[in-house]
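Right, one structure below, let's go through it.
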Number of protein chains: 2
Amino acid sequence: MADGPTINTIAERAGVSIASVSRVLNGLPTRQETVRKVMAAADELGYVRNAVARSLKSRRTHQVAFAMADVGNPAYLAMLREIQPVLKAAGYRLVLHSTDAVAADEIDVLHSLGERYVDGLIMSPLRVTEAHLEMLAAARAPVVIIGSVPEGTRVDNVRADSRTGVRLAVDHLYSLGRRRIGLVNGPLDTVPGAARGAAYREALGDLGLPYDEGLVQIGDFYRAEGGRAVAELLARVPDVDALMCANDLIALGALDVLRAAGRRVPDDVAVAGMDDTDLAAASWPSLTSVSLGSAERGKAAAELLLDRLQGGEREPRLVTVPPRLVVRASTVGESAAGFRTDEKESGS
Amino acid sequence: MADGPTINTIAERAGVSIASVSRVLNGLPTRQETVRKVMAAADELGYVRNAVARSLKSRRTHQVAFAMADVGNPAYLAMLREIQPVLKAAGYRLVLHSTDAVAADEIDVLHSLGERYVDGLIMSPLRVTEAHLEMLAAARAPVVIIGSVPEGTRVDNVRADSRTGVRLAVDHLYSLGRRRIGLVNGPLDTVPGAARGAAYREALGDLGLPYDEGLVQIGDFYRAEGGRAVAELLARVPDVDALMCANDLIALGALDVLRAAGRRVPDDVAVAGMDDTDLAAASWPSLTSVSLGSAERGKAAAELLLDRLQGGEREPRLVTVPPRLVVRASTVGESAAGFRTDEKESGS
DNA sequence: TTGTATGCGTTATCAT
DNA sequence: ATGATAACGCATACAA
């Protein structure tokens, strides 16, 4: 682990100045003989450019940060999967931050942009506070936010459309003849919880179905909590014939409970989830789910950021990714049979 | 996005030298009055230390790279989930590389250590070639390898024990009275494929069961391929009563096919997977699976690296993480009923 | 074409 | 206690 060679080492060895070494290494016009000597010396010494020194000089790190709320959440991982190759192809390294859904950590990341260890940031905050907006306005590097920001915020923004997403699923259930469509939601004080609750109500209204509070059950965005919520809903409204679940984990909990209660899925109760995670395809019956386009959002965010890094100043852009309903067995399957590898998708 | 303030800016504003500014910022003994002036100026200007310049001077980046074969693979993600917080707690940032399981990319990452943009590297190569070993020996920063390396390789190493893992599962199936235990494996020219194939044979031998080639089917490590392999096996050996699957995806494929064939799981055929991914708990019936301790391996690797970064030279260490059998419904469940949220685990 | 010298923003040494 | 200055490794304006 001896100290690596620098351009000084090479210059000595090749008998030229460090300026010549630098020129050769950067492909600037140089005499053939000098090129040869420098390259030879560099090869022998196993020279590798010091990225830190280059960054200090060039004021560019070729690094981009991605701050996600939770390294364990499949939705963020889907984004990561798309962001990674886009950045890599453009010659950027990816610095990963996990903010554990703590607002202070997110503010911290924004603040740390001042350290200039990255050229830009993609951030997916779970909710945008006043503090976020202040830091965003003062950010020392380009930022792309995945998620909704208040109207007029001057920042590149990629968002999902969970309102349309819920509508796609509810319409789908309705088209299957279901009229007692329950909603199993997460906490209403979260952005997705609130949005999905409102969208559900709106979708029912547009279909001419009455909004029945008894059909709505609040739990949390996890499997066990989802299951408990469904159990309560089932006890209260035994004749429910469809469940719109605010995410896939809740939907899995719903499958657990319905199975235990002897209800057939989808014959007795159709179940739809949201996020279209890997789990949706893995469960039995496989889960109809609304994809909110995590992958597409990640890709769009990366491209927005690269565009700004390479292009310079321009007006902030807003990209909205449309949801997709992925229909599987939990709404249209034959109850307890069939080996299906095919899936149907319907765009929005 | 105006240029941020530097210690020069602060020095001017506070009417002191840059040396004093640096001292105050680093908490070195300084006169109260000077401290006050500097802090005031720094606050007003919104000063943030430039990480690049600090790194150049200190020769430390406080960044660590994690090179994983595939951003989509749950096993690597489990490692990532553990590595991230350990590094974060120690004040290190995480640079993520995805090598797409391409050896050249891995070599590239090792080579790029010479750029000194990270202080160390955790790498999980899918197989270790001669080129890897050469680069490892010449690596310009501490490296921890997750996965097996040849005896005598001077590098910190964390490995799983899939041999014992397979044995745990086979013993479990045997203890349930199964005697026609099939193996559904991935390609034999992969490290895991070869290891699991050998371990299966060995485990059968120790149990006094004959090794029957007809009970072994090679496919690939994916759901559809696994399903196809199981279909073939089933056609050839109709009386198979248990399936040891080389990973969870294969096991899911097995469930698909067994269901389609009308075989009850586990009554007719018990199924065990490997890796204990999220999918194992999500499927129906939930999947008995051998955890190879991805999370633990990630954590151990991060700790090994930190130890070396903070401690300096020492002999290379080897950490072997024991597998754990996680028993679920696919081997001991009541065929088509029961809402179980509990799981049993048995250590090795 | 090549070399000298300067600066990127810090930290640290050495006088004062 | 403080200030002037060198050094980290590189890129480049300018002079030769």
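Between S58(B) and dT11(C), a side-chain N or O to OP1/OP2 separation shorter than 4.0 Å is absent. Between R49(A) and dG9(D) there is no side-chain N or O to OP1 or OP2 distance below 4.0 Å. Between T34(A) and dT2(C) there is a side-chain polar atom (N or O) within less than 4.0 angstrom of OP1 or OP2. Within the 4.0 Å cut-off from OP1 or OP2 of dA1(D), not a single side-chain nitrogen or oxygen of T30(B) is found. Look at Y117(A) and you won't find any side-chain N or O under 4.0 angstrom from OP1 or OP2 of dG9(C). Taking only side-chain nitrogens and oxygens, N26(B) comes nearer than 4.0 Å to OP1 or OP2 of dT11(C).
In this structure the side chain of L94(B) reaches within 4.5 angstrom of the side chain of L80(B), judged on heavy atoms.
Each of dT2(D), dA11(D), dT10(C) was ranked by its minimum atom distance to the side chain of R23(B); first place goes to dT2(D). Out of dC10(D), dT2(C), dG9(D), the shortest distance to the side chain of L56(A) is found at dG9(D). Considering only the side chain of S17(A), dG3(C) comes nearest among dG9(D), dT2(D), dG3(C). The side chain of S22(A) has dT12(D) as its nearest neighbour among dT11(C), dG3(D), dT12(D). Closest contact between the side chain of V16(B) and the listed nucleotides dG9(C), dG9(D), dG3(D) involves dG3(D). Each of dG9(D), dT10(C), dT4(C) was ranked by its minimum atom distance to the side chain of T6(A); first place goes to dG9(D).
Counting heavy-atom neighbours within 6.0 Å of E130(A) CD, excluding the residue itself, gives a total of 12 or less.
Here dC8(C) presents its P atom at 18 Å from CZ of R60(A), a figure rounded to the nearest Å. Taking atom NZ on K37(B) and atom C1' on dT2(D), their separation rounds to 11 Å, with Å as the unit. Rounded to whole angstrom, the span from the CG atom of D3(B) across to the C1' atom of dG9(C) amounts to 12 Å. Separating the CG atom of L28(B) from the C1' atom of dA12(C) is a distance of 9 Å, rounded to the nearest angstrom. Between the CD atom of Q32(A) and the P atom of dT2(C) there is a distance of 10 Å, rounded to whole Å. We find that CZ of R54(B) is positioned 13 Å from C1' of dA12(C), with the value rounded to whole Å. A straight line from CG of N8(B) to P of dG9(C) spans 8 Å, rounded to a whole angstrom. Taking atom CZ on R140(A) and atom P on dG9(C), their separation rounds to 12 Å, with Å as the unit.
Salt-bridge check for K299(B) with E296(B): failed, with every basic side-chain N at 4.0 Å or more from each acidic carboxylate O.
The base of dG9(C) lies outside donor-acceptor range of the side chain of R116(A), with no N or O pair under 3.5 Å. The base of dG9(C) lies outside donor-acceptor range of the side chain of R59(A), with no N or O pair under 3.5 Å. At a cut-off of 3.5 angstrom, counting only N and O atoms as typed in the model, there is a donor on one side and an acceptor on the other between the side-chain of K57(B) and the base of dA7(D).
Comparing R31(B) and A53(B) by the nucleotide of DNA chain D whose heavy atom lies nearest to each, the residue mapping closer to the 5' end is R31(B).
Using a 4.0 Å heavy-atom cutoff across all strands shown, I18(A) reaches at least one base atom of the nucleic acid.
For the atom pair OG of S98(A) and CG of L87(B), the computed distance is 12.0 Å after rounding to the nearest 0.5 Å.
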Using the rule given for side chain to side chain donor-acceptor pair (under 3.5 Å), can you reason through T9(B) versus Y47(B), listing the C-alpha separation, both sets of side-chain angles and the distance that settles it, and then say yes or no? CA-CA 9 Å; T9(B) 330; Y47(B) 172 78; over 6 Å; no

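By the 30° and 60° cut-offs, the orientation of the rings of Y92(B) relative to H62(B) is tilted.
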